[in-house]
Amino acid sequence: MLNIVIFGAPGSGKGTQSERIVEKYGINHISTGDVLRAEIKKGTELGKVAQSYIDQGQLLPDHLIVDILAATLDSFAESKGVIFDGFPRTIAQAEALKKMLAERGQAVSIMLNLDVPEEELMKRLIKRGQESGRADDNEETIKKRLVVYHNQTAPLIDWYKQEGLYAHIHGFGALETITAEICQAIDKVK
Ligand code: AMP
């Protein structure tokens with residue numbers, strides 16, 4: 001089982017690269033952001049709660065996200081592996097993921113950190129907001145999300161280094177080059 005954590009700031013290309021990895025390795029994809037946006041669209045209770053956090057650029061409480069993740073993971077029976085996109089975003093979530101996988105006789109295989117300069121992140125997110133209409137891709141909310149990323153999510157870099165699972169990826173440049181660097185890192189742990 002290949003369990004990949006794709007990590008990076010908002011706008012670092014996690015979603016785009018995940019699609020390519022899914023296609024190449026035939027594994028499942030969990031994007032917690034996509035799950036929450038689908039809940040908002042369906043108008044569920046969870047969707048209503050999620051909306052208020054997303055609009056503020058804040059993270060949802062860990063226990064809500066961990067429950068969603070456990071349910072999604074169990075829906076992938078016969079899976080070759082999973083790519084976790086947008087999760088974990090806090091150390092508590094990383095610990096929960098480790099436990100959840102251990103209970104299923106598994107572990108994270110690698111954490112890929114898509115490293116992108118801050119001005120580039122800003123540019124990409126503003127462009128995405130104009131093209132896709134994602135409500136949280138406006139300048140004010142983007143700035144809040146980047147602060148949240150630095151304070152709550154970036155500490156996971158050291159956490160995964162300590163676990164011996166960390167891989168740095170240059171996330172800025174041609175899409176193909178980034179994908180190639182990712183595949184090289186994955187093939188080492190496969
Ligand atoms: P994303 O599409 O991954 O950028 O996520 C969009 C928004 O969904 C984030 O800004 C958070 O409000 C929420 N969200 C997604 N994943 C998580 C997570 N793992 N923990 C907490 N909140 C999350």
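What you see is a predicted model, and the numbers here were worked out from it, not measured in a lab. Counting starts at 1 for both ligands and their atoms, in listed order.
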Just distances here: any N/O of I65 and N/O of ligand 1 closer than 3.5 Å? no
Suppose the criterion is salt bridge (Lys or Arg N to Asp or Glu O under 4.0 Å): which pairs have a residue in residues 6-19, not counting sequence neighbours? none
Hydrophobic cluster (4.5 angstrom, side-chain heavy atoms) - remaining members for L114: L2, I4, I6, I21, V22, Y25, I27, I83, I110, L112, I169, I178, I182, I186, V189
For ligand 1, find out whether one of its N or O atoms is nearer than 3.5 Å to an N or O atom of L60. yes
Expected output: side-chain Q106 to main-chain A102 donor-acceptor under 3.5 Å: no
For R37, the ligand 1 atoms whose distance to one of its heavy atoms is below 4.0 Å: 2 (O), 6 (C)
Can you figure out which of T32, L36, I30 has its heavy atom closest to atom 14 (N) of ligand 1? L36
Would you say Q93 has any N or O atom under 3.5 Å from an N or O of ligand 1, going by distance alone? yes
Are D85 and H29 close enough that a side-chain donor and a side-chain acceptor fall under 3.5 Å? yes
Distance from atom 7 (C) of ligand 1 to nearest protein heavy atom, with residue and atom: I54 CG1, 3.7 Å
Side-chain donor-acceptor contact under 3.5 Å, T141 with D136: no
Going by heavy-atom distance to atom 3 (O) of ligand 1, choose the closest among Q58, R89, Q51. R89
Establish, from distance only, whether the side-chain atoms of H150 and E118 form a donor-acceptor pair under 3.5 Å. yes
For ligand 1, note which part of L59 has a heavy atom under 4.0 Å away: side chain, backbone, both or neither. both
Side chains of Q152 and T90: is there a donor and an acceptor less than 3.5 Å apart? no
Under 4.0 Å, heavy-atom basis, I'd like to know which part of R134 is in contact with ligand 1: side chain, backbone, both or neither. side chain
